[in-house]
Structures are given as C-alpha cells and as structure tokens.
Amino acid sequence: MTIPFEPYLFRIPLNVQVISECLAFSVGFRYYVVSKKYYDGNASGNYRQIIIWGATLGTFLGARIMGFLENPYGIHQLRQILIQFNARSIMGGIFGAMLGIKLVRKLVKEEHLSFDLFILPLILSIFIGRVGCFLNGTKDFTYGTETDFFMAMDLGDGLYRHPIALYELVFLALLFIGMHRNRHTLWQIPELMLTIFMMSYFGFRFCIEYLKPNVFFVYGLSSVQWLCIGCWIYFLPAMCRNLKLVFGKIPLPGLATQVTVLDEESISV
C-alpha cells in the first residue's frame with residue numbers, strides 16, 4: 001500500500017478522508033449511546049441535547065477560526081479569505097466545543113452539567129479521523145518536517161518526513177485505553193475526565209507542533225501552540241482542584257494504623 005492511499009470502487013475513486021470522517025461521526029455517536037447506559041452523570045436527556053447543540057456550534061466556529069489562523073499569509077482579497085476559512089483545525093474545534101458547552105451551561109443556569117460522557121467517544125472519533133489523515137499523506141497538513149528518524153516515512157512527496165498523524169494515533173490509543181479502563185473512577189469527580197483529556201491532548205499537540213513545517217509564527221510559536229497555552233491556563237486551576245479531590249478520596253496506607261497506635265500509647269501514659 002502506498003501513501004496517499006487512493007482506493008477505487010467500481011473504478012470510482014474514493015476519498016479516504018471523507019470516509020474516515022463519516023466513520024468517526026457514526027462510530028463516535030454509537031459509542032456515546034452505549035456509554036449512556038453506564039454513566040451516572042446528572043444531566044437529563046434534554047440537557048444533553050442542549051450540550052450537543054452548544055458543542056456543535058462551538059466546533060464549527062472554532063475549527064474555522066483556527067484553520068484560518070494557522071496560515072493567514074497572503075489573504076488580500078475576499079475570495080481568498082473565504083477559501084482560507086474553509087480550512088478546519090481539530091484543535092480549534094475541540095476548544096470551541098468546550099467554550100460552546102460552557103456558554104450553554106451559563107444560559108440554562110446548569111453549572112453542574114458534565115461533559116465527561118462525551119470524552120471517550122471524542123477520542124475514538126479523533127482516532128478514526130486521524131487514520132484518514134495518515135492515509136492522505138501530504139494532502140493534509142498532518143505531516144512533519146524532513147528527518148532521518150527511524151520512523152520517517154515517504155508520505156507521497158518523495159521525502160522522508162515525521163509521520164505526525166501516526167504519532168498522534170499512538171498517543172490517542174494509549175490515552176483511550178488508560179481512560180477507558182479507569183472511566184468509572186474518573187466519572188466520580190465531575191469534569192476530571194474532561195480536564196485530563198484537554199491538558200494531555202493539547203500538551204501533546206504543543207510538543208508535536210515543533211515537528212511540523214509551520215510557516216506562521218507569533219513570538220516563535222505557531223497559532224496552535226498559542227491555543228494550547230491558552231487551554232492549559234484555562235484548565236490548570238480545574239486540574240489542581242481535581243487533584244485535591246482525588247487525593248482526598250484516596251486513603252494513605254498505614255495512616256489509620258499509625259494514628260491508632262499513637263492514641264493507645266497516649267492513653268496508657
């Protein structure tokens with residue numbers, strides 16, 4: 001199999017990216033429906049529908065805005081601006097979805113509605129979509145710079161590059177397995193799963209941006225890296241609060257025994 005992978009069905013060329021995106025939406029939604037049976041969150045069906053609408057609007061706007069900001073060079077005419085706004089960024093989409101949900105919760109005055117139920121389906125959807133990006137090679141801006149690294153691949157332009165999409169697939173697989181195995185524990189603390197996902201995924205993307213051939217920088221960082229910094233600043237207080245809750249629920253081994261012994265000794269004295 002060569003990359004870009006261009007399959008045919010009855011001599012009709014198939015767009016791998018479109019197929020992967022359709023699969024990502026359908027499989028992710030199906031996984032979400034199944035997960036609802038095992039989730040003990042406090043959001044009713046109506047509120048979950050409101051969350052989905054908020055996430056959809058935020059995803060649409062965030063993906064377009066960040067897609068535009070990734071490479072705003074050469075934008076001088078209205079037609080060029082419209083073409084550039086057709087570009088999409090998954091990072092902007094995720095962050096926009098989060099902001100959309102936060103805004104919706106403010107409007108309906110339900111601050112305790114959780115986004116945790118959507119995290120595992122989201123990771124699964126991103127994974128499936130990234131498979132299409134990887135198979136598309138250099139047709140999508142998910143390839144890296146030239147390198148002699150042992151994992152370097154020819155992604156369609158005759159140059160050996162970092163397979164950024166492949167690196168992301170490995171990261172997403174490990175993240176999904178870890179969170180899926182501990183999902184019931186993570187669900188006990190509202191938005192802990194959301195916080196872990198946002199900080200880990202955006203932290204990974206911040207690092208991986210150094211391997212991409214970006215051309216637009218602000219103070220030495222790409223637009224996506226600045227978005228990752230903003231995400232970390234936004235979620236860092238929540239992560240600190242959640243860590244306090246996590247460690248507060250975990251009894252330290254031997255602590256109770258030590259306290260009991262001290263009490264007995266004090267009584268005997």
Side-chain angles (χ1 to χ4, degrees), residues 1-9 12-39 48 51-52 55-56 58-60 62-64 66-67 70 86-98 100-101 115-144 151 153 155-156 161-183 186 193-194 196-198 200-205 208-209 211-212 224:
M1 184 184 71
T2 59
I3 297 178
F5 179 58
E6 299 174 334
Y8 285 81
L9 180 63
I12 301 175
L14 302 178
N15 190 317
V16 176
Q17 185 63 46
V18 174
I19 294 175
S20 66
E21 288 181 359
C22 292
L23 284 175
F25 282 115
S26 58
V27 174
F29 178 75
R30 194 62 206 165
Y31 186 87
Y32 160 76
V33 172
V34 174
S35 298
K36 286 197 299 183
K37 301 177 182 179
Y38 308 98
Y39 182 68
R48 286 200 183 113
I51 289 176
I52 292 174
T56 301
T59 300
F60 177 81
R64 262 48 182 196
M66 277 307 301
E70 278 193 283
N86 192 45
R88 291 168 294 173
S89 168
I90 190 171
M91 303 296 291
I94 295 173
F95 197 72
M98 185 273 300
I101 291 171
F115 187 50
D116 291 338
L117 180 60
F118 301 91
I119 297 301
L120 289 175
L122 176 61
I123 298 175
L124 182 60
S125 298
I126 297 174
F127 182 90
I128 297 174
R130 277 293 179 253
V131 172
C133 294
F134 173 68
L135 295 177
N136 251 359
T138 53
K139 290 184 177 180
D140 286 329
F141 191 51
T142 53
Y143 55 88
M151 291 188 67
M153 299 178 62
L155 299 175
R161 300 177 176 273
H162 283 290
I164 299 295
L166 184 60
Y167 298 161
E168 188 170 341
L169 286 173
V170 174
F171 173 82
L172 290 171
L174 296 175
L175 183 63
F176 181 86
I177 292 172
M179 298 185 80
H180 183 268
R181 287 182 175 180
N182 299 281
R183 62 190 184 279
L186 296 174
M193 186 175 283
L194 168 65
I196 293 175
F197 166 71
M198 294 295 286
S200 59
Y201 183 61
F202 277 66
F204 169 80
R205 286 300 303 267
I208 213 73
E209 280 292 303
L211 302 180
K212 293 181 66 175
V224 171

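One is the number of the first residue; the rest follow in order along the sequence.
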Those residues that, when tested against Phe95, pass ring pair (Phe, Tyr, Trp, His ring centres under 6.0 Å) (two or more places apart): none

Smallest heavy-atom separation, Ala24 atom then Ser125 atom, equals O-OG, 3.0 Å

Nearest 0.5 Å, please: how far is OH in Tyr201 from CD1 in Ile123? 10.0 Å

At what distance, to the nearest 0.5 angstrom, does CG of Leu175 lie from CZ of Phe204? 10.5 Å

Looking at every non-hydrogen atom in both residues, tell me the closest pair between Gly129 and Ser20 and how far apart they are. O-OG, 3.9 Å

The criterion is ring pair (Phe, Tyr, Trp, His ring centres under 6.0 Å); which residues satisfy it with Phe176, sequence neighbours excluded? Tyr31, His180

Looking only at heavy atoms, the pair that brings Phe127 and Ala173 closest together is CE1-CB, 4.1 Å

side-chain contact (heavy atoms from CB on, under 4.5 Å) partners of Val170, counting only residues at least two apart: Leu174

Partner set under ring pair (Phe, Tyr, Trp, His ring centres under 6.0 Å) for Phe25, not counting sequence neighbours: none

Least distance between heavy atoms, Ile164 atom then Thr142 atom: CB-O, 3.2 Å

What residues, two or more places apart in sequence or in another chain, satisfy ring pair (Phe, Tyr, Trp, His ring centres under 6.0 Å) together with Tyr167? His162

Indicate the atoms forming the closest heavy-atom contact of Met198 with Ile94, along with that distance. SD-CG2, 3.7 Å

Quick one: CE on Met193 to CZ on Arg183, what's the gap to the nearest 0.5 Å? 8.5 Å

Euclidean distance, Ser26 OG relative to Ile128 CD1, rounded to 0.5 Å: 7.0 Å

To the nearest 0.5 Å, atom CG of Leu135 lies from atom CG of Leu166 at 10.5 Å

Closest heavy-atom pair and its distance - Tyr143, Lys212: O-CG, 3.9 Å

What pairs of residues pass the salt bridge (Lys or Arg N to Asp or Glu O under 4.0 Å) test when at least one of them lies in residues 163-174, not counting sequence neighbours? Arg130-Glu168, Glu168-Arg205

Classify the angle between the aromatic ring planes of Phe29 and Tyr32 as parallel (below 30°), tilted (30 to 60°) or perpendicular (above 60°). tilted

If you round to the nearest 0.5 Å, how far is CG of Leu23 from CG of Leu124? 10.5 Å

